[in-house]
There are 2 protein chains.
Amino acid sequence: MIIRIDQMDQMPVYQQIRNQIVAAIGQGELCPADRLPSVRSLASDLGINIHTVNKAYAVLRDEGYLFMRGRSGAIVADFKQTATPERIAINSDELAEKLQQLALEHRAQGGTKESFLEIAHTQAKYAFA
Amino acid sequence: MIIRIDQMDQMPVYQQIRNQIVAAIGQGELCPADRLPSVRSLASDLGINIHTVNKAYAVLRDEGYLFMRGRSGAIVADFKQTATPERIAINSDELAEKLQQLALEHRAQGGTKESFLEIAHTQAKYAFA
DNA sequence: GTGTATTTGTTCGTATGTATT
DNA sequence: TAATACATACGAACAAATACA
């Protein structure tokens, strides 16, 4: 799995790492029980500090995507088995909220319902390919 | 137009204001040429500092949603007429990126393409009602 | 018109938290 | 742990614009 950091991006580096790992899990590039690189090696590969990678892993753990068991490394969790029903419901609500904000933003820019849904379909096709 | 601030939310206050104003424009609650409340009065209403409101307005101006002409107040812009073609193209790309990230995140949580698109349709229906 | 009070956005400095090394 | 740079939010004071007697 390849992670790319854009130092010019306004998004915090740890968040970029977090997003790309979540995306890799979504695409099946990372599967439950897979081991992630150690914070040291990943930090070395990316040319950043280990604390930054550690923060990304900690966020992913808190969100239920990973296990972190001391020195045995970070392991991809089986989200559906790990997450509580409450957590799943909250995630669904948050997704709806974000989609609504994006839709309203698109409309504020003069976009239409049809153009919004067309983009959504296109991206869903890629994401679930 | 009513704005609500959640101090417990992790999202910065100025961003909350920005999002709600964009949403109001999207819903037609705010129309081009409408005047927004002064930074002082809005800050007073919300119980926050004027700089926080000022930052939200400045962001909205930079994004092309508002005009700010000195002390004559902030005015809602006509985005389609104001924004450059490049800006519109960039916004479209960013929307696609965000939707793909959300779709992948949903999939990483065990969601399906169908459930994702169902939520998207539901929210689009509300946003474009 | 004139003078005063009010309203407005801006400039300065400060405190706190976050991100990263 | 310590140090840094940056982001967020606040407060006091300022000067331009406005309202009004």
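Per chain, numbering begins at 1; letters A, B, ... match sequence-line order.
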Side-chain hydrophobic cluster, 4.5 Å single linkage: members besides A/Met11: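 Listed partners: none, A/Met11 stands alone.
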Side-chain heavy atoms under 4.5 Å apart, restricted to Ile/Leu/Val/Met/Phe/Trp/Tyr: what other residues fall into the cluster of A/Phe128, or is it alone? A/Leu95, A/Leu99, A/Leu102, A/Phe116, A/Leu117, A/Ile119, B/Leu95, B/Leu99, B/Leu102, B/Phe116, B/Leu117, B/Ile119, B/Phe128
Mind calculating the distance between [atom1] ([X]) and [atom2] ([N]) to the nearest angstrom?
X       : N      : atom1 : atom2 : result
B/Arg71 : C/dG9  : CZ    : C1'   : 5 Å
B/Ile5  : D/dC10 : CD1   : C1'   : 15 Å
B/Phe67 : C/dG9  : CZ    : C1'   : 18 Å
B/Met68 : C/dG9  : CE    : C1'   : 7 Å
B/Arg40 : D/dC14 : CZ    : C1'   : 10 Å
B/Met8  : C/dG17 : CE    : P     : 13 Å
B/Leu42 : D/dC10 : CG    : P     : 12 Å
B/Gln10 : D/dT8  : CD    : P     : 13 Å

Tell me every residue that passes side chain to side chain donor-acceptor pair (under 3.5 Å) with A/Thr112, counting only those two or more places apart in sequence or in another chain.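 Per chain and number, A/Thr112 pairs via side chain to side chain donor-acceptor pair (under 3.5 Å) with A/Ser115.
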According to side chain to side chain donor-acceptor pair (under 3.5 Å), who are the partners of B/Thr122, at least two apart in sequence or on a separate chain?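 Not a single residue meets the side chain to side chain donor-acceptor pair (under 3.5 Å) criterion with B/Thr122.
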Pairs touching [range] that satisfy salt bridge (charged side-chain N to carboxylate O under 4.0 Å, His left out), sequence neighbours left out:
range                       : value
residues 112-124 of chain B : none
residues 72-95 of chain B   : none
residues 51-67 of chain B   : B/Arg18-B/Glu63
residues 37-54 of chain A   : none

Determine all donor-acceptor pairs shorter than 3.5 Å in which one atom belongs to a side chain in residues 28-37 of chain B; sequence neighbours excluded.
from, atom 1, to, atom 2, distance (Å)
B/Asp34, OD2, B/Cys31, N, 2.9
B/Arg35, NH2, B/Ser72, O, 3.4

End axis versus end axis in the helix from C/dT2-D/dA21 to C/dT21-D/dA2, the angle rounded to 10°, five pairs used at each terminus: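 Computed angle between terminal axes is 10°.
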Show each protein N/O and nucleotides 18-21 of chain C N/O combination with a separation under 3.5 Å, one pair to a line.
from, atom 1, to, atom 2, distance (Å)
C/dA19, OP1, A/Tyr14, OH, 2.7
C/dA19, OP2, A/Lys55, NZ, 2.4
C/dT20, OP1, A/Val13, N, 2.3
C/dT20, OP2, A/Tyr14, N, 3.4
C/dT21, OP2, A/Asn49, N, 3.0
C/dT21, OP2, A/Thr52, OG1, 2.8

Among side-chain atoms of B/Ser41 and B/Ser38, is any donor-acceptor pair under 3.5 angstrom? yes
Between CG on residue B/Leu46 and CD on residue B/Gln16, distance to nearest 0.5 Å: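 The distance works out to 10.0 Å.
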Could you run down the sub-3.5 Å N/O contacts of the protein with nucleotides 3-6 of chain D?
none

